[in-house]
Structures are given as C-alpha cells and as structure tokens.
Novice: 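What follows is a structure written as structure tokens; I'll ask about it next.
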Amino acid sequence: MPGDAPDLSDHPLMKHLNAPQREAVCHAHGPLLILAGAGSGKTTVITRRIAWLIEEEGVHPGSILAMTFTNKAAEEMRDRVQRLVSVPLEQLWVSTFHSFCTRILRREGDRTPVGRDFVIFDPSDQKSLMKQVLAELHLPEKQFHPRKVLEVISDFKNRCLLPEEAREEALDPWTRKVLEAYDLYQKGLRSHRACDFDDLLLYTERLFREPALQTAYGDRFKFILVDEYQDTNRAQYLLVQHLARRHHNLCVVGDEDQSIYGWRGADIRNILDFQRDFPEAVQIKLEQNYRSTQRILDAASSVIANNSQRLGKTLWSDLGHGESIVFKLTDEGRLEAEWVVQRILELRATDAEAKVAVLYRANWQSRQLEEALRARNLPYRLVGGVKFYERQEVKDLISYLRLVSNPFDLVSFRRCVNAPSRGVGPTTLAKIEGAIPEGGTALEGLADLLRRGELKGRAQREMGRFLELFRRAAGEREAQGLAGLVRWVLQESGYLQSLEDEGTLEAEGRIRNLEEFLSAAAEAESLGVRLSEFLDRITLAADADQVEESAHLSLMTIHCAKGLEFPYVFVVGMEEDVFPNRNARETPEGLEEERRLFYVAITRAQRRLTLTAARRRRIMGTEMLGMPSRFLREIPAEALQAPIRWGTELYQAGEGVRPGSSFTRGAGGASVATELQRIRGFFDRVRAQAEEPADPSGHRDEQPEPEPESRPAAGAWPGGTRVRSPRFGRGIIVASSGSGDGLTYTVRFAEAGEKRIVARFGMLEKEG
DNA sequence: CCTCACTGCATTTTT
DNA sequence: TGCAGTGAGG
C-alpha cells in the first residue's frame, strides 16, 4: 500500500491496526476525512493519531485541538492519549464544543454582549425566561408554547442567525411573533448576563469572524480534530472552518449513517460535503468492524441500505456469523417488559457477569421495564431521565451559587429568594424587580427597598437576612473555598433546616441529594476547580457522561447509547408510532433519521441482539394498538432466528385499526375485546381473498403493501395546501397522516401555531 | 401567601 | 400516566 511502508507496521503506535487505520494514524498534514463505521476502532485511531503527531511529528500538545460532543468522550480521549505518549498533556485541548466555547468566551468575552462573567442557562432557566418574555409581549402560551418557541429560536441560533438576520426567514405571522420573542429573549439573556447552550456556539463563532482572533487561534491550533463530525450544526461547522482556515490540518471523523441529531440542528451535509469544502482532502474508510458478529452487521447493513443520504460503507467482521437475531412479539407492554427481564435472568444463570443493555426510543419507555426489574429484584442502571442537577433541591441550591457568582442572574434570584419559603410572593417580587436600578442587580434593588422601609413585617425581616447572606458570601467564598461555601449556604440560607423540619421521607431523600452535591463540590475543589467553572461543568454535564460501562444492566435511550457497546442488547418497543416515532414519520428525512437511529441500536450489540414489540400498550393512560415497526421488514430473513410471519402477526397486532386511535374500555365506544373482534373479522376477509401470507421466504417480496397510516389516502390534500379553519383561521398543511375517518392534518396556522386537525371534525376549507 | 386538589394536556431524542 | 398549571380555602 502506498504511504504505508512496511517498517511502519512495526511502530508501537501501529500495533494491531489494519491498513486503513495505519494510514489514518500517520496522515499528519492536510485535510483528512475518516469515515468510521460503527465499531471500527475509531477512538483507537484518533488517539493514536494524536500520539503520532506528538511523538513522531514533534507537534507541541498545545497546538492540537480535539473536539467532541460529550465530556465523557473528551475524557476518554485524553486518558488514552496520555497512556500513549511520554509528555504531559495539560496543554492539549480536548473538550466538547460547548466547553471549548465557554473557555473562549471566558477569555475573550469582553467583546460579547454578556461579558465574561456570564452564567449558562439550562433548558428550565430558558423556559422561565421565555415565559416572562411571552407575558411581556402579551402572547398567549396556548398558541406560543414556550418550548416550541424556544425550539424555533434554537433553530435560528444553530444556523447562526440573530433576530435581525432571521427576518427574511420569518414569513408567516406566527414566526414573525416568534422573532419578536427571540429579540426580547436575547435582551433578557443580556441583562441577566446569561448564555443559553446555543449562545455559547453562536457568540464564539462571531468572535472568530474577527480577523485578529481568527488569526490568533488559527495560528495556535495547528492541528484540529473533530469527532462525530456528522453531528455538527452550522455554528459548529463555521467555527471549525474559521480555525482550520490557516493550516488546513483538519481531521474530521464521522459516520453519516449514525447522524441522529438532525432535530438539534445537526446538518448531515457537513460530512457529505467535506470533500467539496476541501478538494485536496484525503478520505479513508474504516469498514472492518471489531465489535459485532457478521449476522448483526448484515442486519444493520440491510436496514441502512434503505437510506438515500449516504456516502456508502460496508461493514464486515471476522468474528464469525454468530447468533441469529431474535424478534419477540408480546401481547402487551407489561408482558414485553417481563419477557425481557425473564431473558436477562436466564442469561444471568449461565453468565453472572453478562453485560446487558436495554435500549428504547424515548425515556418514558423505561418505566415499565423498571417496574418489571424491581419486581424481580434485578439491579439496574438507568441513564438519562431526570438529571441529578435538575432536581428541585439541587437547582435551588445552585441558584444561590449562581447568584453569588453572577448577581445579574434574575432567574436564579427569583428561584432562591423564596426557597425556603420566605413569604415572598408575586407581589413582593414585583416590588423588588421594580426597584432594580438601571443596569443594576436584584440584590441592589432589594437593598434599596429595605433602606426606604418599603417592606413590612415578615418580608422585611427575612429579606434583611437574605441580603446579608449575599453580602457575606463573597468573603466566605474566599475564606472557605468551594465546598465550604456550599456548606455555608446550606446552613445560612435555612434551606437545610427547612428540609429537616419537614421530616418526611421525601425531604430525607432531598437532604441526601444535597449531601451528594456537597461531595461533588468537594471533589471539584480538590481538583482546583473554582466556583464559576464548577457551575459551567454542572450545566454542561450530559446524560451520556454518567454512563458507567461497568454496569451489568443499563437502561437508556438509543441516543444515549451511541458510541457504546454491549455483548447483549435488547431493543424494545419495535412498533409503528413508537419507533419510528410518530412525529418523525411525517417526512422522508425524519424517517431516514429514525432508520439511522435503528442502525445505531443494532450496531451496539456485540454477540446477541433481541428485538421486541407489543401488540397493545398503554400510552399516556390510554390503551393503544400498534403495528410492528416497518423497520423489522428491513432485516433480512436469514439474519433472524425465525421469520417474522407478517400476515399472522399483523392479524393479531390489529392491522386495519387506525394507528393513533384509542379505545377507552367500555366508555362510550368499543371495548378492546370488541375492537379486536372487528379486526379479526377484517383480517379473516383479507385472508380469504389473499394467498396464505405466512410464507416465510416470500414475505419480503410482498412488500410495499400500502401502509395506510404513512401514505395519505387518495383525495387528501397534499402538504403546502392553504386551508382555512373556522376555529384557527388561515393556515398551511405541513403534513397529513391516516386515511378515511382517521385522516389527520398537521396545519401551521398563521395565528395559532401548529395544530393537528382530524379532517372529519376540523371543517377545513381549501383556500383559493 | 401557602397548600391542596382538580383538570387538562402532553412524550421524542440532548449539549 | 403523571405533571404542570389553576383555583378554592385556610
């Protein structure tokens, strides 16, 4: 192989590497695109390449910048490089995009609207600020759902558009209103001296547009490496372009088939177009998989082959064919969970140490699994869900610390001023906020109010103490360090006391959480972390960061599982509307992303993959019938332990029932039993007409049997149709689903935002 | 101003 | 199902 002289294979850094991997490791200069299939030893290649640069090319660690998406990935990368090289790596920049940006903004932030002592707002802070904004603009939350508005704003930010710049994108009245909210929201953030997650990227990208800074940092980072490049959004893309413009030593690693963050603004084109951005780029494909058996890879390849947005890779393995993939259809969600638990118990009987993961599409699906696991006393590790730092008591405590760190943070002020309860309600709060001097802080406003004697009774007494707390906090911070400050705040605020007074089991749990927080602070302090950095870390901590790979049984979403591997993997909830998710189903791109997600799920498995579904399931309190996921059809029959007998299975799963229709037992309509009867009758008629559908070898050919729920029925209005509703006014059809009586449109109304309208009831009229 | 109870509504996925 | 937002009563 050219460029792969035989002597290189003997190099310690090349040990156990295949030819493309070696090529990637020693490619030092010029742009490089590494298309790393799942399980192809990507991290090994990246870390050895960094080691190679340092040891063989003599590159100073301080000139290397490596970007990842999670802290965990960053830490692992740093650790592994450190084991390979002989020099200390303090100067090496390995960090997530977000912490990289935070670091830059803390250094150079004088040039941004929020200065360098900003706080980072997490989603709940964003939401409370947004509510404030919507109230101020008199926008009803019914039509301007705070989360939805924030989503649209986030979209703009991910594309590097500030309010003024997004104007031509905002065509309909609804979006124009959102733009007003965006503008006010940014002003709010500014006066709080706060950044949300997106601002970190956006502001940093702005900074790097300045020639002076671009040159300074571009010069400094002579070698840049980006992991998970397929997940970068526009802001991240531009950021990297700015930095790499100088030296062109940009190595990006990614896999377009594992791009699963499109909804967060990730743009798969970034990786698809890398060759266009850097025509001289070298492309290396890593296709040998060291993780899974061939059977698992066959299934994965066959599934992903249904996607169009690809560069194309074919994974192969020399680990042998391995076990067949099992699919189990159960009657009901609870039985599915119990079946999975039963299989795990059997597994444990032969291999007590077996590492198992149960993966699902959305967090709510963990509940039934947890119940089944607890019933059998099986310990497990749940990843994601309610995060530690988002718990009420922890957030309360954090709000004190944030206010100490940045007194302009009004959201935190509002939170801690009445936690524990100090008799400050909306009235007093409004008074305080009204007293805030121009460009001043809430604490100053409060001090003013007290001086003028405008607070009476309990409020006066409590607020005096509250203010005193913050007067002394700075001193305590100096004198006691991080952990000392936390302990002091817990005591002096009366927060701990109020929990102790409660004396309930719940309060005890909260106290334990606060103690855990305290030890986290102590640990950070021992590492020399200061308050503001500690707060940054907390808010930028990700779900994926808390994965313990030593756990024997892990429950997590597929998103969280990306990058991980497990000998035994269960993927549960393989049903239409669950996976693929109901909302993603509407568009081809959405469906392709779901399929990539399934691909990610499959390729987590090393030895054994089990897929399960349920015919009936309680979702949001109502009984739903679901059809098996269309993705199951994309798995080759040869890879399965037993063929999926579609005719029969669909029969029992309730083909012919409108997905999304629900039955309330007895009440006013059909019971589940009579509904099933109806379905059986329907299917009996189908079976009478059609040939025996259970032919195991033929089921893949009878394919594209119309899928009534995804294809709008004939006569349905296509997307883009302008309509009028008596209730919501003028709008435009964004999507449609179902057929017949179930035909449902998703309509973006000019005034009312997006609504789902059942055609039969909605009285929609076409507009000329 | 706080607490409790009721109702109505929503579930993707996360740095 | 469970949470969050609202309203009545203490």
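Chain letters run A, B, ... following the sequence lines, proteins first and then strands; every chain starts at 1.
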Novice: Just checking Thr539(A): base, sugar-phosphate only, or nothing, at a heavy-atom cut-off of under 4.0 Å?
Specialist: nothing
Novice: List the protein contact pattern of nucleotides 1-10 of chain C with one symbol per nucleotide (5' to 3'): B for base contact, S for sugar-phosphate-only contact, - for none; contact means a heavy-atom distance under 4.0 Å.
Specialist: BS--S-----
Novice: At less than 4.0 Å, is any side-chain N or O atom of Thr557(A) found next to OP1 or OP2 of dT13(B)? Yes or no.
Specialist: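 No.
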Novice: Asp196(A) and Tyr185(A): side-chain donor and acceptor closer than 3.5 Å?
Specialist: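 Yes, a side-chain donor-acceptor pair sits under 3.5 Å.
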Novice: At 4.0 Å (heavy atoms only), tell me whether Asp196(A) reaches a base, stays on the sugar-phosphate, or touches nothing.
Specialist: nothing
Novice: Would one find a side-chain N or O of Asn418(A) under 4.0 angstrom from OP1 or OP2 of dC2(B)?
Specialist: yes
Novice: Can you tell which of dT12(B), dT14(B), dC2(B) lies closest to the side chain of Cys560(A)?
Specialist: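 For Cys560(A), the side-chain atoms sit closest to dT14(B).
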Novice: Reckon Phe197(A) touches a base, only the sugar-phosphate, or nothing at all at heavy-atom distances under 4.0 Å?
Specialist: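 If one applies the 4.0 Å heavy-atom cut-off, Phe197(A) turns out to touch a base.
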Novice: With a 4.5 Å heavy-atom cut-off, do Tyr203(A) and Cys101(A) have their side chains touching?
Specialist: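 No, their side chains stay 4.5 Å or more apart.
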Novice: Give a yes-or-no answer on whether the side chains of Asn406(A) and Arg193(A) include a donor-acceptor pair shorter than 3.5 Å.
Specialist: no
Novice: Is it true that Tyr495(A) and Asp396(A) share a donor-acceptor pair across their side chains at a distance under 3.5 Å?
Specialist: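 Yes, a side-chain donor-acceptor pair sits under 3.5 Å.
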Novice: Could you tell me whether Lys42(A) and Asp227(A) have a side-chain N and a carboxylate O separated by less than 4.0 Å?
Specialist: yes
Novice: Looking at Phe118(A), is Arg106(A) sitting on its ring face, NZ or CZ under 6.0 Å from the six-membered ring centre and within 45 degrees of the normal?
Specialist: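 Output yes; distance and angle both within limits.
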Novice: What nucleic acid atoms does Asp198(A) come within less than 4.0 Å of, heavy atoms only: base, sugar-phosphate, or nothing?
Specialist: nothing
Novice: Looking for any heavy atom pair under 4.0 Å, which part of the strands does Thr427(A) touch: base, sugar-phosphate only, or nothing?
Specialist: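 Sugar-phosphate: the residue Thr427(A), judged by heavy atoms under 4.0 Å, touches backbone atoms but no base.
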Novice: Thr428(A) side chain N/O closer than 4.0 Å to the phosphate oxygens (OP1, OP2) of dC1(B)?
Specialist: yes
Novice: Looking across every strand, which nucleic acid part, if any, lies under 4.0 Å from Arg617(A) by heavy atom: base, sugar-phosphate, or nothing?
Specialist: nothing
Novice: Suppose you measure atom P in dA4(C) against the same atom in dT13(B); what distance do you get, rounded to whole Å?
Specialist: 15 Å
Novice: Over how many whole Å does the gap from Lys142(A) atom NZ to dG8(B) atom C1' extend?
Specialist: 8 Å
Novice: Please determine, by modelled atom types, if Gln368(A) and Glu370(A) share a side-chain donor-acceptor pair under 3.5 angstrom.
Specialist: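 The criterion, which ignores hydrogens and geometry beyond distance, is not satisfied for Glu370(A) and Gln368(A).
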Novice: Here's a test of your reading of the structure: between Thr70(A) and Arg147(A), which maps to the more 5' nucleotide of DNA chain B?
Specialist: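 Per heavy-atom nearest nucleotide, the more 5' residue is Arg147(A).
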Novice: Identify, between Glu593(A) and Arg422(A), the residue whose nearest nucleotide on DNA chain B lies closer to the 5' end.
Specialist: Arg422(A)
Novice: It should be established whether Asn363(A) places a side-chain nitrogen or oxygen under 4.0 Å from OP1 or OP2 of nucleotide dT14(B).
Specialist: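 Result: yes.
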